[in-house]
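Chain identifiers are assigned alphabetically (A, B, ...) following the order of the sequence lines, protein sequences preceding nucleic acid strands; residue numbering begins at 1 within each chain.
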Amino acid sequence: MGTGPLMLDLNRIRNQPEEVARGLARKGVPAEAVERLVASDAAWRKAIAESDRLKALRNDLSRKIGARKKAGEETEAAQAEVREIGERLKQLEQEALESEQLLRRLMLETPNIPSPSVPDGPDESCNRVEKVWGVPPSFSFEPKAHDELGVALGILDFERAAKMSGARFVVYVGAGAALERALISFMLDLHTTAHGYTEVLPPYLVKAHALEGTGNLPKFEADLFKVDGGAFYLIPTAEVPVTNLHRDEILEEKPLPISYCAFTPCFRSEAGSYGKDTKGMIRQHQFHKVELVKYSKPEDSYQELEKLTSDAESVLEALGLCYRRVTLCAGDMSFSSAKTYDLEVWLPSQKRFREISSCSNFEDFQARRANIRYRPEGGGKPRFVHTLNGSGLAVGRTVVAILENYQQADGSIVIPEPLRPYMRGQALITAR
RNA sequence: GGAGAGAUGGCCGAGUGGUCGAAGGCGCCUGACUCGAAAUCAGGUUUGCCCGUAAGGGCAACGGGGGUUCGAAUCCCUCUCUCUCCGCCA
């Protein structure tokens, strides 16, 4: 077990346990859990203090033995004494280690505290709609679902995907594959040029500690695909490698905020989602995403969340897709998040909005877990950065939205103007 | 997959059992000198944790873990990572 910084700010838990408990209660954490944290912290501090004291004694005696040996004096008695101290120390260190491990385990399983600006509530029914952009398209016919359209056009093939990989996979064919690729390039170009993000292309396989840094482990192992007996995990999102890019680093203040965008495939086992979205491309084991990640100074992070969210929104706007922005309530937020905006795109076949992007401020939660700090200009102690990320956007779901929103009576699909340069000028997808 | 080499502070690089958290150099910061700068000189320059209102005190860290010892950067075991060569491969 490392001696590095822990997840939530321990000092905050020590000094304001009631306030922490109130915040965590909003995420459904029982008060007893916070009490356990406080108790195990006290036990750990007691053990560490006693063992440090004994170590100081041992160091002192050993030093004296060295000096006496040099002087040619007898040291047997002193050596025996230190041996004895060593024995006692072994026990004490064991105690200290055990209480630290307990504390660490509790801390790793404790979620982030919601920001005060986040509404109360246990589930999505309490999410707050912030705005709606655009209007749902009107059709003179009954709009079809994306999978029906895609199969009819010959650009999506679920049956053949199942032959090799089973359920929750798809094969893109022809214009379908080209559309996916066009969207990736379009999004990356938009974010790198108009919004100032630096493109990175990270590994898709990561070690467990990287997932611990972002908060996916230890609690959500079942959502992940394990490779090579657990030596690696397939990334569930680019958030994992890109947030861990600066793990264990002390950054300069000047370049903050640092903004990255990354295109990667994402792999999710979707355990526990049996029966949900079984048709179509909404929920797949493998999908593509362009992710936005920021490292920010603490005092700027909420302003950066607004920017990041509107950067993601600008993709939807450029594509002319009607969407709304929703603030997730405390109980509906992810484990690591302090505040999350979901962007939901209109899907005509379902006659409702569906998530296409999730933009979060993690404050210093991930930074503590991954040990990412910056040094304030002009010196001073390193401080934890705030990390943020958001989808900009989930590519597969964007294809879904385009197919459904741009469908014509004959089943063809109009390609949104900004994508055409990325598809050799093609403006319409028709049956092959 | 086979054979070998290595991992020390922001960087380079010493150190093979006893005030070594670690020489020296570079870089950086402060002061002196200067009209200013350069050069030069002097001083400073890791991080985490515990105790303390503070001043301050203590513990830990030389890739990770374990062992030997009164005492480990130094000896032993093990894991990870990096590099070189061979094979294979996009």
Quiz item: Atom CG of A/N11 to atom P of B/C51: distance rounded to whole Å?
Solution: 9 Å
Self-check item: Which residue lies more 5' along RNA chain B, comparing A/A67 with A/R45 via nearest heavy atoms
Solution: A/A67
Quiz prompt | Short side-chain N/O contact to B/C28 OP1/OP2 from A/R375, under 4.0 Å | solution = no
Self-check item: Exercise: do A/Q79 and A/T75 side chains pair donor with acceptor under 3.5 Å
Solution: yes
Self-check item: Separation of the P atoms in B/A7 and B/C76, to the nearest angstrom
Solution: 14 Å
Quiz item: Applying a 3.5 Å limit to both distances, which nucleotide forms a Watson-Crick or G-U wobble pair with B/C28?
Solution: B/G44
Practice problem: Assess the pair A/F335 and A/F365: is the distance between their ring centroids shorter than 6.0 Å? | Solution: yes
Practice problem: Could you give the distance separating B/G10 and B/C85 at their P atoms, to the nearest angstrom? | Solution: 30 Å
Exercise. Round to a whole Å and report the spacing from CD1 of A/I250 to P of B/G9.
Key: 13 Å
Quiz item: For the pair made of CG in A/L97 and P in B/A60, what is the distance, rounded to whole Å?
Solution: 15 Å
Quiz item: Under 3.5 Å, is there a donor-acceptor pair between the A/Q91 and A/E95 side chains?
Solution: no
Self-check item: Sidechain-backbone polar pair: A/T214 side chain, A/L211 backbone, donor-acceptor under 3.5 Å
Solution: yes
Quiz item: Are any side-chain N or O atoms of A/Q303 and backbone N or O atoms of A/E299, one a donor and one an acceptor, separated by less than 3.5 Å?
Solution: no
Self-check item: A/Y302 ring center within less than 6.0 Å of A/H386 ring center
Solution: no
Quiz item: Does A/K70 or A/A49 map to a spot on RNA chain B nearer the 5' end, using the closest nucleotide for each?
Solution: A/K70
Quiz item: Does any nucleotide pair with B/G52 by Watson-Crick or G-U wobble geometry, both distances under 3.5 Å, and what is it?
Solution: none
Quiz item: Tell me: CZ of A/R247 to C1' of B/G64, nearest whole Å?
Solution: 14 Å
Quiz item: What is the distance, rounded to the nearest whole Å, between atom CD of A/E87 and atom C1' of B/G67?
Solution: 14 Å
Exercise. Check every strand shown and say whether A/R383 touches a base, only sugar-phosphate, or nothing at a heavy-atom separation below 4.0 Å.
Key: nothing
Quiz item: What distance, rounded to whole Å, do you find between the two P atoms, one in B/C62 and one in B/A54?
Solution: 29 Å
Self-check item: Interatomic distance, A/D248 CG vs B/G9 P [rounded to whole Å]
Solution: 13 Å
Exercise. Determine: side-chain N/O of A/N59 to OP1/OP2 of B/A60, distance under 4.0 Å, yes or no.
Key: yes
Quiz prompt | B/A14 to B/G66 separation - C1' atoms, rounded to the nearest Å | solution = 28 Å
Practice problem: Give none if B/C89 has no partner; otherwise give the nucleotide forming a Watson-Crick or G-U wobble pair with it, both distances under 3.5 Å. | Solution: none
Tabulate protein N/O versus nucleotide N/O from nucleotides 69-77 of chain B, keeping only pairs under 3.5 Å, one per line.
| from | atom 1 | to | atom 2 | distance (Å) |
| --- | --- | --- | --- | --- |
| B/C70 | OP1 | A/R83 | NH1 | 2.5 |
| B/C70 | O2' | A/S62 | OG | 2.9 |
| B/C70 | N4 | A/K69 | NZ | 3.1 |
| B/G71 | O4' | A/S62 | OG | 3.2 |

Self-check item: B/C75 and B/A5, which share atom name P, separated by this distance in whole Å
Solution: 15 Å
Quiz item: Applying a 3.5 Å limit to both distances, which nucleotide forms a Watson-Crick or G-U wobble pair with B/A38?
Solution: none
Quiz item: Across all strands, who's sitting opposite B/G17 as a Watson-Crick or G-U wobble pair, both distances under 3.5 Å?
Solution: none
Exercise. Decide if atom CD of A/E109 counts as having more than 12 heavy atoms of other residues, nucleotides or ligands within a radius under 6.0 Å.
Key: yes
Quiz item: To the nearest angstrom, how far is A/D60 atom CG from B/G57 atom C1'?
Solution: 14 Å
Quiz item: How long is the span from the CG atom in A/L308 to the CD atom in A/E313, to the nearest 0.5 Å?
Solution: 10.0 Å
Exercise. Would you mind classifying the nucleic acid contact of A/K46 as base, sugar-phosphate or nothing, using non-hydrogen atoms under 4.0 angstrom?
Key: nothing
Quiz item: Who is the Watson-Crick or G-U wobble partner of B/C75, with both distances under 3.5 Å?
Solution: B/G67
Self-check item: P atoms of B/U46 and B/C83, separation to the nearest Å
Solution: 31 Å
Exercise. For B/C59 and B/C41, measure between their C1' atoms and round to the nearest Å.
Key: 38 Å
Exercise. Would you kindly give the CD-to-C1' distance between A/Q94 and B/G66, to the nearest whole Å?
Key: 13 Å
Practice problem: Establish, with yes or no, whether the OP1 or OP2 oxygen of B/C50 is under 4.0 angstrom from a side-chain nitrogen or oxygen of A/R14. | Solution: yes
Quiz prompt | Atom CD of A/E159 with >12 non-hydrogen neighbours under 6.0 angstrom | solution = no
Quiz prompt | Integer angstrom distance from the C1' of B/A38 to that of B/U34 | solution = 10 Å
Quiz prompt | Complement of B/A7, any strand, by Watson-Crick or G-U distances under 3.5 angstrom | solution = B/U80
